[in-house]
Amino acid sequence: MKILITGGAGFIGSAVVRLAVSQGYDVVNLDALTYAACLENVADVATSPHYAFVQADICDRAALDTAFAEHAPDAVMHLAAESHVDRSIDGPGTFIDTNITGTYTLLEAARAYWVAQGKPEAFRFHHISTDEVFGTLGAEGLFTEDTSYAPNSPYSASKAASDHLVRAWGETYGLPVVTSNCSNNYGPYHFPEKLIPVVILNALAGKPIPIYGAGQNVRDWLYVEDHADALLTVLTKGEVGRSYNVGGWNEVTNLDLVHRICALLDQRRPDHAPHADLITHVTDRPGHDARYAIDATRIHTELGWKPAVTLGEGLARTVDWYLENEDWWRPLQARQGVGVRLGKTDAAVSK
Ligand SMILES: NC(=O)c1ccc[n+]([C@@H]2O[C@H](COP(=O)([O-])OP(=O)(O)OC[C@H]3O[C@@H](n4cnc5c(N)ncnc54)[C@H](O)[C@@H]3O)[C@@H](O)[C@H]2O)c1
């Protein structure tokens, strides 16, 4: 099977690329190489005869048509997106462009290619989305695949819109689509503007570790390699037209999470313990969702998938990876917007 993977130079996409190539799939990685991309994430497979790279924007229909014609994929896994909630507060326009218009453009390019191929039933368009489309939970309850959509940030609203487009292209045109909605990921190659890498890298540098508000927001964390495995499971075993929630059964408050990371660093860098002394509460993110929690029963019972890595194991692996890979993260800290507080309530209005 040849898979066209969009966003394969990003955090999750690169984990899918590495896993798919290691499992013998042919992979075409299509990525625009935005600020969030890093081709080193796929350096391990870059010389494989099973790997090809196309630099293209998913809003560029001509480039997409060329990629489909030249590479003739059997499936698409769509991960390309603008993904940082804080950036979506400061500049929602790129989220509308990539996540909505880009998904529409990719759907149309995929549909044109699929029609030209004689509408093969085995073709798949797998759309990768987030649990943030469901909004926020109180202290009780879980997101199921039937939970109503109620996105609260420009990011999650743009992803919700893309989910609806994908569903409609399945219902209206018969394109064989499948969608998955996942909780927060963490692990190696996580871009250093996201919570877990920020905590590790600020703690190592002896800088304040920022916690939004009281830090009581609850997230359900999934190790990125488990997510990549879930995605290949959904692609190959998922039922057309169905969606699958993916989660780690690892609910924790942001504050607890940060304390766990600090404790791991205390063991590895005892000279600078206790790292938790660096925790600093800062102004909360506007519209900050209180709690996300996934009911992943469907993917478990119907497709036989469950995560392999516990939160304790995954955090230890992640901390060790950042300690060993300064050459990867150090240059990324110089990229635009990294290390700067983004997404506050006084965000400028776009013109
Ligand atoms: N990170 C998470 O915790 C999480 C959880 C659930 C779902 N998701 C979803 O998974 C997907 C991947 O997330 P991630 O964290 O790896 O994101 P990321 O920001 O690390 O990577 C996104 C990739 O998409 C590429 N890209 C952006 N705009 C593009 C465009 N217009 N054309 C082509 N390529 C473009 C970037 O260059 C980058 O390589 C996203 O769709 C996201 O919504 C993420």
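Remember, it's 1-based here, ligands and their atoms both numbered in the order they're listed. Sequential numbering from 1 along the given sequence is applied to the chain's residues.
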> Will you find, in the side chains of Thr144 and Asp146, an N or O donor that is under 3.5 Å from an N or O acceptor?
Replying inline: no

> Do the side-chain N and O atoms of Asp229 and Trp305 include a donor-acceptor pair separated by under 3.5 angstrom?
Replying inline: yes

>> Under 6.0 Å from the ring centre and within 45 degrees of the ring axis: does the NZ or CZ of Arg341 meet both conditions for the six-membered ring of Tyr212?
In response: yes

> Does the ring of Tyr35 carry Arg335 above it, NZ/CZ under 6.0 angstrom from centre and within 45° of its axis?
Replying inline: no

> Is the distance between the ring centroids of Trp114 and Tyr173 less than 6.0 Å?
Replying inline: no

For a distance cut-off of 3.5 Å, show me each N or O of ligand 1 paired with any protein N or O, plus the separation.
from	atom 1	to	atom 2	distance (Å)
ligand 1	3 (O)	Asn185	N	2.9
ligand 1	16 (O)	Phe11	N	3.3
ligand 1	16 (O)	Ile12	N	2.7
ligand 1	17 (O)	Ser83	OG	3.3
ligand 1	19 (O)	Ser83	OG	2.7
ligand 1	20 (O)	Phe11	N	3.0
ligand 1	31 (N)	Asp57	OD1	3.0
ligand 1	31 (N)	Thr98	OG1	3.1
ligand 1	32 (N)	Ile58	N	2.9
ligand 1	34 (N)	Ala32	N	3.1
ligand 1	37 (O)	Asp31	OD1	2.6
ligand 1	37 (O)	Thr34	N	3.0
ligand 1	37 (O)	Thr34	OG1	3.1
ligand 1	39 (O)	Gly10	N	3.0
ligand 1	39 (O)	Asp31	OD1	3.3
ligand 1	39 (O)	Asp31	OD2	2.6
ligand 1	41 (O)	Leu79	O	3.2
ligand 1	41 (O)	Lys159	NZ	2.6
ligand 1	43 (O)	Tyr155	OH	2.6
ligand 1	43 (O)	Lys159	NZ	3.1

> Applying the side chain to side chain contact (heavy atoms under 4.5 Å, CB included) test to Ile196, which of Ile200, Val198, Val199 qualifies?
Replying inline: Ile200

